[in-house]
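What follows is a short report on a single structure.
Below, each value reflects all heavy atoms present in this structure, side chains not excepted, and no hydrogens, waters or symmetry copies.
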Amino acid sequence: DNVIGRRNKGDEVDIPIETNDPSMDRRHCIINVKRNKGNGYIYTVRDNDSITGTFVMNEILGAKDRLRIEDGTVITLGATTLILHDVKE
């Protein structure tokens with residue numbers, strides 16, 4: 001699991017994003033990365049009980065939702081938008 005969030009001194013997140021976006025939580029969402037049988041990767045995202053929610057392709061994730069995402073998926077955290085780019089080996 002990779003915790004994605006706004007960088008803040010003293011907070012532990014795996015992928016800190018340096019931003020002035022106050023609507024992104026310090027520990028906003030979690031992206032899980034696993035290898036599949038074909039040596040590719042499987043990505044899933046879930047909200048981490050954030051205040052503003054996690055949006056995938058403009059659809060908000062529910063509190064218990066875990067959604068599979070792929071190359072090109074747009075993820076919005078507060079006013080910050082990320083695009084997943086799959087690792088090519």
Open item on the list: Here's a test for you: under side chain to side chain contact (heavy atoms under 4.5 Å, CB included), which of T81, I31, I4 qualifies with I75?
Closed with: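 The side chain to side chain contact (heavy atoms under 4.5 Å, CB included) with I75 is passed solely by I31 among T81, I31, I4.
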
Hey, could you give me the [atom1]/[atom2] distance between [X] and [Y], rounded to the nearest 0.5 Å?
X   : Y   : atom1 : atom2 : answer
R68 : T44 : CZ    : OG1   : 9.0 Å
E70 : L84 : CD    : CG    : 9.0 Å
I15 : N2  : CD1   : CG    : 4.5 Å
K34 : D1  : NZ    : CG    : 8.5 Å
I42 : R35 : CD1   : CZ    : 11.5 Å
L61 : N48 : CG    : CG    : 12.0 Å

Task: Qualifying residue, where the test is side chain to side chain donor-acceptor pair (under 3.5 Å) with Y43 and the options are D71, D86, T73 - done: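 So the option named by the test is D86.
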
Going hydrophobic residue to hydrophobic residue with side-chain gaps under 4.5 angstrom, can you get from [X] over to [Y]?
X   : Y   : value
I17 : I83 : yes
L82 : I60 : no
I69 : L77 : yes

TODO: Count the heavy atoms belonging to other residues, nucleotides or ligands that lie under 6.0 Å from CG of N36, then report whether that count exceeds 12.
DONE: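 Atom CG in N36 is packed in, count exceeds 12.
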
Does [X] reach the main-chain N or O of [Y] with its side chain, forming a donor-acceptor pair under 3.5 Å?
X   : Y   : value
D21 : A79 : yes
R6  : M24 : yes
D14 : V3  : yes
H28 : G53 : yes

TODO: Taking all non-hydrogen atoms of both residues into account, name the closest pair between G72 and M57 and its distance.
DONE: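 For G72 and M57, the tightest heavy-atom pair comes out as O-SD, 4.5 Å.
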
Task: Closest non-hydrogen atom pair between C29 and V45, with its separation - done: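 Smallest interatomic distance, heavy atoms only, reads SG-CG2, 4.2 Å.
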
- [ ] Examine the side chains of D25 and S50 and answer whether a donor and an acceptor come within less than 3.5 Å of each other.
- [x]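 Distance-only check fails for D25 and S50.
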
